[in-house]
Amino acid sequence: QVQLVELGGGSVQPGGSLRLSCLVSGTALVAWDVIWFRQAPGKEREGLGCNRDYDESSLYIDAVKGRFTISRDNAKNIVYLQMDNLKPEDTAVYFCATDPDYECGVPIAPIGYEYDYWGQGTQVTVSS
């Protein structure tokens, strides 16, 4: 059974950094693209970036481009979300998701696409 677990959330001041980890079990991460989402209070879930399995390249929405970096360690079955220069508007619950048919591309999160596997989410709070 495929399971995803996010780790690394917490509270940080504006301008700070956090690194989230998405631990994948039950499948070989090397074969699947992975997407990161976030959901802020009162807002819809937003796909913020994704990472491709075949070349480990990533795509990002404009709101996080240049500040967030997605990477992976296939040997450890972990996908990372490095978040730098955090802003209060980055406050949200962050989720990773994947499934064997998802392809990281444009749009990052196709409308109506159903992902088979989700993590439970981890809270990130950016506040002074």
Side-chain angles (χ1 to χ4, degrees):
Q1 182 177 359
V2 177
Q3 292 186 323
L4 280 64
V5 177
E6 298 96 343
L7 298 174
S11 296
V12 64
Q13 293 187 340
S17 297
L18 282 174
R19 188 177 78 162
L20 306 184
S21 300
C22 174
L23 282 63
V24 181
S25 61
T27 189
L29 177 64
V30 66
W32 292 12
D33 293 2
V34 176
I35 183 171
W36 281 95
F37 284 91
R38 64 184 179 184
Q39 186 162 21
K43 294 188 177 181
E44 292 192 356
R45 188 179 64 198
E46 172 183 53
L48 63 91
C50 58
N51 183 264
R52 298 182 174 107
D53 60 355
Y54 65 89
D55 65 357
E56 302 186 19
S57 62
S58 298
L59 298 175
Y60 307 93
I61 59 172
D62 287 345
V64 307
K65 197 174 295 182
R67 300 188 298 121
F68 289 14
T69 304
I70 300 173
S71 62
R72 64 168 66 202
D73 185 333
N74 286 328
K76 296 181 179 178
N77 257 24
I78 300 176
V79 178
Y80 299 103
L81 176 62
Q82 176 68 41
M83 304 184 293
D84 298 316
N85 191 21
L86 283 160
K87 304 177 181 181
E89 52 263 41
D90 295 319
T91 295
V93 178
Y94 284 70
F95 303 86
C96 56
T98 188
D99 74 53
D101 296 323
Y102 169 67
E103 294 187 357
C104 175
V106 178
I108 289 170
I111 295 173
Y113 189 90
E114 297 289 340
Y115 303 85
D116 290 344
Y117 307 107
W118 288 85
Q120 82 288 355
T122 185
Q123 176 71 45
V124 172
T125 302
V126 185
S127 173
S128 55

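For this chain, numbers begin at 1 and follow the sequence in order.
With sequence neighbours excluded, the residues forming a salt bridge (Lys or Arg N to Asp or Glu O under 4.0 Å) with E46 are R38, listed by chain and number.
Once rounded to the nearest 0.5 Å, the distance linking CG of L23 with CD of Q3 reads 11.0 Å. For the atom pair CD1 of I78 and CZ of R72, the computed distance is 12.0 Å after rounding to the nearest 0.5 Å. Separation of atoms OH (Y102) and CD1 (I35) is listed at 3.5 Å; rounding is to 0.5 Å. Separating the CG atom in L59 from the CD1 atom in I61 is a distance of 11.5 Å, to the nearest 0.5 Å. Taken to the nearest 0.5 Å, the OG atom of S58 stands 9.5 Å off from the CD1 atom of I108. Note that OG1 of T69 is 11.0 Å distant from CE of M83, once rounded to the nearest 0.5 Å.
Judged purely by atom type and a 3.5 angstrom limit, N77 uses its side chain to pair as donor or acceptor with the backbone of L29. Side-chain atoms of R52 come within 3.5 Å of backbone atoms of C104 as a donor-acceptor pair (strictly under, hydrogens ignored). Using a distance-only test at 3.5 Å, with no hydrogens or angles considered, no donor-acceptor pair links the side chain of N51 to the main chain of V34.
Hydrophobic clustering (ILVMFWY, side-chain heavy atoms < 4.5 Å, transitive): L7 and V126 are in distinct clusters. Under a hydrophobic clustering in which Ile, Leu, Val, Met, Phe, Trp and Tyr are joined whenever their side-chain heavy atoms come within less than 4.5 Å, directly or via other members, L48 and Y80 fall into different clusters. Follow the hydrophobic side-chain contacts under 4.5 Å out from F68 and you reach V106 in the same cluster.
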Worked check of side chain to side chain contact (heavy atoms under 4.5 Å, CB included) between R45 and V93
CA-CA 9 Å; R45 188 179 64 198; V93 178; over 6 Å; no

Please determine whether side chain to side chain contact (heavy atoms under 4.5 Å, CB included) holds for the pair W118 and D99, giving the CA-CA distance in whole Å, both sets of side-chain angles, and the decisive distance to 0.1 Å.
CA-CA 9 Å; W118 288 85; D99 74 53; over 6 Å; no

Test side chain to side chain donor-acceptor pair (under 3.5 Å) on D101 and Y113 and set out the steps.
CA-CA 10 Å; D101 296 323; Y113 189 90; 5.1 Å; no

What verdict does the side chain to side chain contact (heavy atoms under 4.5 Å, CB included) test give for T91 and Q123, after you've listed the backbone C-alpha separation in whole Å, the side-chain angles of each residue and the deciding distance to 0.1 Å?
CA-CA 8 Å; T91 295; Q123 176 71 45; 3.9 Å; yes

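Closest heavy-atom contact between Y115 and A109: OH-CA, 3.6 Å. Between G121 and E6, the shortest heavy-atom distance links the atoms N-OE1, 2.7 Å. Nearest heavy atom pair, residue Y94 against residue D90, reads OH-O, 2.6 Å. Residues P14 and S128 come closest through the heavy atom pair CD-N, 3.7 Å. Residues V124 and G9 approach most closely at CG2-CA, 4.2 Å, considering heavy atoms. Residues N74 and E56 approach most closely at ND2-OE2, 3.4 Å, considering heavy atoms.
Between W32 and Y117, the distance separating the two ring centers is shorter than 6.0 angstrom.
Checked for salt-bridge contact, K65 and D62 meet the test: a charged N lies under 4.0 Å from a carboxylate O.
Results of the side chain to side chain contact (heavy atoms under 4.5 Å, CB included) test with T98 over D33, V79, L4 single out L4 as the only residue that passes.
The local environment of CD in E103 is sparse, with at most 12 non-hydrogen atoms from other residues, nucleotides or ligands closer than 6.0 Å.
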